[in-house]
Amino acid sequence: MKKLLYLLLAMFVVIDLNACSTDDNTVNEPPTESPENPDEPSTGPDNPNTPNPDMGKTLIVYYSFTNNVHTIVSDLRTQIEADVIRVEPAEKNIDYAANNYAAGSALIQAIRDNPGSATSYPAIDPVEVQLEEYGTIIVAAPLWWSNMAAPLQTFLFNHGADMADKNIGLIVSSASSGISGVEADAKRLIPDGNFLTPSLWIRSSQTSSCHSMISEWLNEIGYTE
């Protein structure tokens with residue numbers, strides 16, 4: 001009889017221990033910080049590869065003397081939906097290539113000498129644009145003497161303050177020179193823009209085959225419509 005009582009007592013102890021298992025307490029533990037699939041990159045504000053969730057309506061602004069930038073913008077328009085403004089100098093028929101591009105050099109030097117004065121910038125044809133309608137503005141610029149082409153600088157000098165907090169993408173065309181000066185001009189003229197990185201640099205020799213470069217760049221900056 002005693003053996004039977006001991007056996008019954010042991011059974012009750014085992015049942016009581018199972019009822020107090022810690023499995024019931026795991027629901028109150030914080031979730032793990034590791035992604036469920038370590039092979040897939042996480043997304044969020046700390047991840048630079050996170051696509052921008054809302055690019056909004058897009059505007060492309062460009063100037064083109066040799067038509068290299070025009071070719072680039074034409075291809076870009078096949079890949080995204082956007083409105084387009086082509087900036088044009090008010091003074092027509094200037095041969096910027098004459099005398100080793102003397103006319104263009106003089107325009108750039110005037111801006112360098114006094115970048116804060118409106119009189120330093122060449123006149124351009126009037127442009128009507130409602131920038132408040134756009135969430136993203138892509139600036140496509142030729143490089144002149146390590147700087148952004150002067151007519152496009154005029155447009156940004158006039159409208160850059162209205163581009164505050166907008167997504168700004170930059171495409172630069174040059175023969176071989178680096179584009180850091182053009183990037184600096186864009187940030188000076190649009191001081192409060194949200195610049196998408198990296199900028200896209202397309203050399204003149206790459207213009208005719210720029211389609212894949214543009215596609216890869218749009219993906220890299222997280223462009224979404």
Side-chain angles (χ1 to χ4, degrees), residues 40-87 127 129 131 133-153 155-156 159-160 162-225:
E40 295 181 1
S42 60
T43 59
D46 295 329
N47 185 347
N49 294 321
T50 301
N52 190 313
D54 183 15
M55 288 289 186
K57 190 177 178 181
T58 299
L59 173 68
I60 302 169
V61 179
Y62 78 102
Y63 168 74
S64 187
F65 173 61
T66 64
N67 276 331
N68 282 339
V69 175
H70 177 74
T71 298
I72 293 167
V73 169
S74 297
D75 189 284
L76 174 61
R77 294 183 69 187
T78 69
Q79 302 192 47
I80 66 171
E81 183 175 344
D83 294 334
V84 179
I85 291 174
R86 178 167 181 165
V87 174
V127 175
V129 58
L131 290 172
E133 296 180 2
Y134 301 96
T136 299
I137 299 171
I138 297 177
V139 178
L143 179 146
W144 284 7
W145 291 274
S146 301
N147 290 102
M148 181 185 294
L152 193 53
Q153 288 202 53
F155 177 89
L156 296 183
H159 298 284
D162 297 326
M163 299 181 187
D165 301 322
K166 297 184 183 299
N167 299 311
I168 308 296
L170 182 62
I171 300 175
V172 183
S173 171
S174 78
S176 59
S177 300
I179 67 172
S180 60
V182 180
E183 290 178 313
D185 287 333
K187 291 178 180 179
R188 169 176 57 83
L189 295 163
I190 316 172
D192 298 315
N194 173 31
F195 280 84
L196 305 172
T197 56
S199 304
L200 175 58
W201 177 16
I202 300 179
R203 295 169 178 81
S204 301
S205 60
Q206 299 170 313
T207 302
S208 60
S209 57
C210 67
H211 184 85
S212 61
M213 296 179 67
I214 293 171
S215 177
E216 291 170 6
W217 176 69
L218 291 170
N219 182 64
E220 194 168 5
I221 64 174
Y223 183 91
T224 55
E225 293 187 284

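As the structure is a computational prediction, the values presented were derived from the model and not from experiment.
In this structure, the separation between CD1 on Ile202 and CE on Met213 is 5.0 Å, given to the nearest 0.5 Å. To the nearest 0.5 Å, atom CG of residue Asn194 and atom CD1 of residue Ile168 are 8.0 Å apart. Note that CD of Gln79 and CH2 of Trp217 are 10.5 Å apart. Values are rounded to the nearest 0.5 Å.
Under the salt bridge (Lys or Arg N to Asp or Glu O under 4.0 Å) criterion, the residue pairs touching residues 162-185 are Asp185-Arg188, with sequence neighbours excluded.
For His159, the side chain to side chain donor-acceptor pair (under 3.5 Å) criterion is met by no residue, not counting sequence neighbours. In terms of the side chain to side chain contact (heavy atoms under 4.5 Å, CB included) criterion, residue partners of Thr78 (sequence neighbours excluded) are, by chain and number, Asp75, His211. Partners of Asn219 under the side chain to side chain donor-acceptor pair (under 3.5 Å) rule, at least two apart in sequence or in another chain, do not exist in this structure. Taking Asp83 as the reference, Lys57 meet the salt bridge (Lys or Arg N to Asp or Glu O under 4.0 Å) condition, with sequence neighbours excluded.
Counting only heavy atoms from C-beta outward, the side chains of Asn67 and Thr207 never approach each other to under 4.5 Å. With contacts defined as side-chain heavy-atom distances shorter than 4.5 Å, the pair Trp144/Pro151 qualifies. Under the 4.5 Å side-chain criterion, counting only non-hydrogen atoms from C-beta, Met163 is in contact with Leu156. Between Ile214 and Ile80 the shortest side-chain heavy-atom distance does not fall below 4.5 Å.
Counting all heavy atoms, side chain and backbone alike, Ala140 lies closest to Leu152 at O-CD2, 3.4 Å. The minimum heavy-atom distance between Ser204 and Asn68, with the atom names listed, is OG-ND2, 3.6 Å. When all heavy atoms are compared, the tightest approach of Thr197 to Ile221 is O-CG2, 3.6 Å. Minimum interatomic distance between Tyr63 and Val87 (heavy atoms only, all atoms of both residues): CD1-O, 3.2 Å. Here the shortest heavy-atom pairing between Ile190 and Gly160 reads CG2-O, 3.8 Å.
Defined by atom type and a distance below 3.5 Å, a donor-acceptor pair is missing between the side-chain atoms of Tyr223 and Thr136.
Relative orientation of the His70 and Tyr62 rings is tilted, given thresholds of 30° and 60° on the angle between their planes.
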All N/O donor-acceptor pairs, side-chain side in residues 172-179, below 3.5 Å, sequence neighbours left out:
residue : atom : partner : partner atom : Å
Ser174  : OG   : Ser177  : O            : 2.8
Ser174  : OG   : Trp201  : NE1          : 2.9

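Atom CD of Glu81 has 12 or fewer heavy atoms from other residues, nucleotides or ligands within 6.0 Å.
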Discussion item. The test is side chain to side chain contact (heavy atoms under 4.5 Å, CB included); show your working for Val73 and Ile138 and say whether it passes.
Written reply: CA-CA 10 Å; Val73 169; Ile138 297 177; over 6 Å; no
